[in-house]
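Below is one structure, written out as structure tokens; the observations come after it.
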Amino acid sequence: MFQPKRPILLGVLAVVCFGLLPLVTAAQVGEGEWTTHSLQGYDVRSIAVDPQAPAQVYAFTSDGAFLSSDGGGQWSAIALALPDVPEPGQFQIDPLTPDVFYATSGGRLFRSLDRGANWQELAPGLLSDVQWFQLDRANPNVIWAFGWQDTMRSADGGQTWASAGLPVPGQATAFAQSADGAAAYLAVDGQGIFSSHDGGKTWRSSELDDAASPGRSVYSLALDPANADAVFAAGNNGPWRSADRGATWQPVAPSTDEWQWAALASAGDSLLLARTDRQAVSADGGATWEVSGQSLAGNEVRQIVVDPKVPTVVYLLTDYGLFKSQNGGLDWIGTADRPAWVEILAVHPSQPDRLVANTSEGIGQSEDGGVTWASIAGLTAIDRLAAFRWSPSDPQIVYASSGQGLMSSQDGGQQWENTLLPESTSVETVWISPTSPEKLYVLNDRGQVLVSNDGGDAWGVLPLSSGVQVTDLALSPQDETLIAAATSSGVHLSRDGGQSWAASTNDRWWVERVLIDPLDAQHLLALTSGDLLVSHDSGALWKPAEGLPDNSSLRALEPDSANPSLLFAHDGRQAFASLSGGDVWYAVGEQPPGGIAQVVVVGVEPRTLLAYTERGGLWRYDFSEAPATPSPTPTQTPTITPTPTLTPTPRPTGTPTPTPRAQVAMAPGATPVTLDPPQRQTDDRGGVAAPAIIGLLLLVGAIAAGAFLWLRRRRPTAPVSPGAASPRLVCSKGHTSPPNSKFCMTCGEKLT
């Protein structure tokens, strides 16, 4: 009988085992999600509070739908499967059956019976110009739909519709209803206010004139919580009150001139009057008002929503963002505390939750990974920075530029002074030597790199070939004399601190970004025309990185400052991560809404990835686990000194010796774990469970066959000869490494 040799059998078992690994992992690993702490930058058209779980707040925007499970503190994108979402309208939840959603889009009205998973258009063809709608307070099966010319009403959840029977045509601009549904008030654009006291069967008009009424441009109506006969109206003539069901009207304090176009709402036992520049609350039916005068961002109040269980909790939506009050509208928190358009300039090298950024409110600094922001002492007079950089070796030394000239700080950014770089010199980017905080490199708008060895007193120019424009610079922490430059004609390398240069890529490549692996100086990455190229021989040969989609065109490439093997990139839509120093990549979660403009990594392990979007929002992706942090020790090398002619003096240096990635020393006490790329997810029917079970059965069968063959042979194990290969090493995670390895090649765990 044929008996397979042991190497063949072991090979078969290895193939089966490693072939099953993705299937088993797929059943265990779940993807994270992108979240944001505010919705600034997004065109929020409508919000809705879950009536049974008020902490769940939904937002309907032109970039899709968002959900907050903590009362508006943190948001995530959700899929509602609604057609024509680029034309968002209004969104409401059935107060008695929270699984039923209603939404308008493109002038049509839709209903979902399963929280947005599937939608049905109501009265297609009949309802084609719905501007907004309202669920009846007494019976949610009664729906009011307001169009350009008529108000439609359904009494059976949207199955059949009829005109509400208003005596005049026109678009309804405001609607208010009593809790029992009997009394209803409706304002029609240019026609005035109409009231019904039989559930909308008949209507009568309020006799309005400009001298003693709220006028014919009313955009907000509210009922007095304590008086069934009292109704309030607000519009271009400010707030007014009627004590006789709309028959007569009187202006209410505060002054109508100061409250034009204000919005009204009932919040529990109080009335709320809100503009973006001031708010007022009345607890006595409008007789007296407490004015807060708080200025909120935006020019338009779009919606006021009251928590159905705690009426003192109020959400106010403006054209800029969402605000929240815990005391019925006296004080507000929200978008104004988190500025939009956060372009992150720098992450502190030893405090990864500390950021500096350009924001819509000026230059900001965050101490908590971008959740809250404050101004920076000493830079309040500058609206925007072109560059900001902490020194890697001494974070108390900081350099910054507003685009012309260069400033320095010796106390972490509290006090600043100008360097001797001429103020007329344009500054695009600043780099600081990893080992010497006094050695600076500055890129100007002509693609030249200026260099200083003394903190900015004397300057020279890196002597690259004439006509070559530099776009990026990479400094090796292993050897200060090794510099890589991304240029308009490929990647150029210098091994003598910038005195001489040699091209290492095709001179027709326009390279936008270049990186030197901190653990292996021969490992280079180059971002050129959206393609990411990798070299393991100092640029002699280049190949495309693996794992990126064919249609991806990368725009940025960012390394993790604490873990050199961890890198991030984006293509304007999707974020990507690499655990192998840039050789292999995978997508990070779903695409955050609004398009990515920038990604940076912050926080301690596990890492947090921030994505600043084209809409101005700042999104977070919190990894559940991350690789352990290696601690490479950079090689100290002497610096060069510029001559009086402002040209750096060359000094010969030795060729740097690369450090193998597997020999990196672990940080004390670090526990190595693996940040696995997301695998195929399990669906509701089991998804990949069946293939995984089949694979496990094959594995058990293969092991049983191997054991049977081994028992049949029952040969004693031959001793390993002195020249034979040693067995491969295995870490606690099951990763294999070559013989004599001190650290795991996959996760970096120390091997014993």
Side-chain angles (χ1 to χ4, degrees), residues 33-95 98-106 109-112 115-117 119 132-135 263 265 274 276 296-308 313-326 332-340 371 590-595 611 613-620:
E33 63 177 356
W34 290 95
T35 60
T36 182
H37 284 282
S38 63
L39 295 177
Q40 69 267 46
Y42 294 92
D43 185 24
V44 183
R45 305 305 305 177
S46 178
I47 61 171
V49 175
D50 190 314
Q52 303 299 327
Q56 293 200 99
V57 185
Y58 294 82
F60 199 36
T61 82
S62 57
D63 289 288
F66 301 87
L67 171 64
S68 173
S69 298
D70 57 0
Q74 185 169 274
W75 298 82
S76 59
I78 58 174
L80 288 184
L82 185 66
D84 299 328
V85 167
E87 301 179 34
Q90 189 185 3
F91 180 75
Q92 284 193 29
I93 303 174
D94 189 315
D99 287 343
V100 178
F101 290 177
Y102 293 89
T104 59
S105 179
L109 180 61
F110 297 85
R111 180 182 63 184
S112 171
R115 288 187 170 265
W119 292 84
W132 59 290
F133 69 97
Q134 180 65 50
L135 301 182
T276 57
L296 308 179
N299 299 310
E300 170 194 356
V301 174
R302 291 182 171 175
Q303 190 180 5
I304 301 175
V305 176
V306 180
D307 188 311
V313 175
V314 184
Y315 298 90
L316 188 148
L317 176 65
T318 76
D319 57 335
Y320 185 83
L322 183 63
F323 299 84
K324 182 179 181 179
S325 174
Q326 303 276 10
W332 299 88
I333 58 174
T335 303
D337 300 323
R338 305 181 182 104
V371 178
E590 300 294 334
Q591 298 180 10
T613 72
E614 299 285 357
R615 295 287 193 270
L618 191 62
W619 288 75
R620 302 172 62 91

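Every value quoted in this text rests on a predicted model; they were computed, and no experiment measured them.
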Mind checking whether [X] and [Y] have side chains closer than 4.5 Å, heavy atoms only?
{"X": "Arg45", "Y": "Gln303", "value": "no"}
{"X": "Arg115", "Y": "Asp50", "value": "yes"}
{"X": "Ile78", "Y": "Tyr58", "value": "yes"}
{"X": "Leu322", "Y": "Ile47", "value": "yes"}

Working to the nearest 0.5 Å, report the span between [atom1] of [X] and [atom2] of [Y].
{"X": "Phe66", "Y": "Thr35", "atom1": "CZ", "atom2": "OG1", "result": "12.0 Å"}
{"X": "Phe323", "Y": "Leu296", "atom1": "CZ", "atom2": "CG", "result": "4.5 Å"}
{"X": "Ile333", "Y": "Gln326", "atom1": "CD1", "atom2": "CD", "result": "6.0 Å"}
{"X": "Trp75", "Y": "Thr61", "atom1": "CH2", "atom2": "OG1", "result": "10.5 Å"}

Which heavy-atom pair separates [X] from [Y] by the least distance, and what is that distance?
{"X": "Thr318", "Y": "Gly298", "result": "OG1-CA, 4.3 Å"}
{"X": "Ala265", "Y": "Ile304", "result": "CB-CG2, 3.7 Å"}
{"X": "Ser69", "Y": "Gln56", "result": "OG-OE1, 4.0 Å"}
{"X": "Val301", "Y": "Ala274", "result": "CG2-O, 3.9 Å"}
{"X": "Pro592", "Y": "Trp34", "result": "CD-NE1, 3.8 Å"}
{"X": "Leu109", "Y": "Phe133", "result": "CD1-CD2, 3.9 Å"}

key: Under-4.0 Å salt bridge between Arg111 and Asp94   = no

task = Report the C-alpha distance between Arg620 and Val371 in whole Å, list the side-chain angles of each, state the deciding distance to 0.1 Å, and finish with yes or no for side-chain contact (heavy atoms from CB on, under 4.5 Å).
result = CA-CA 10 Å; Arg620 302 172 62 91; Val371 178; 4.2 Å; yes

ask   = Does the pair Thr276 and Tyr320 meet the rule for a side-chain contact (heavy atoms from CB on, under 4.5 Å), with working shown?
value = CA-CA 10 Å; Thr276 57; Tyr320 185 83; over 6 Å; no

Partner residues of [X] under the side chain to side chain contact (heavy atoms under 4.5 Å, CB included) criterion, sequence neighbours left out:
{"X": "Thr613", "value": "Tyr42, Arg615, Trp619"}
{"X": "Ala103", "value": "Phe60, Leu82, Phe91, Trp119"}
{"X": "Pro95", "value": "Pro51, Leu135, Pro140"}
{"X": "Asp319", "value": "Asn299, Glu300, Arg302"}

inquiry  = Please check this pair: side chain of Ser46 against backbone of Gln92, looking for a donor-acceptor N/O pair closer than 3.5 Å.
reply    = no

ask   = Can any side-chain N or O of Lys324 pair as donor or acceptor with the backbone N or O of Gly72 at less than 3.5 Å?
value =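 No, Lys324 side chain to Gly72 backbone: no donor-acceptor pair under 3.5 Å.
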
task = Just jot down the side chain to side chain donor-acceptor pair (under 3.5 Å) partners of Ser112, sequence neighbours excluded, or say none.
result = Asp114

request  = Only counting residues at least two apart or in another chain, list the ones meeting side chain to side chain donor-acceptor pair (under 3.5 Å) with Ser325.
outcome  =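 Asn327.
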
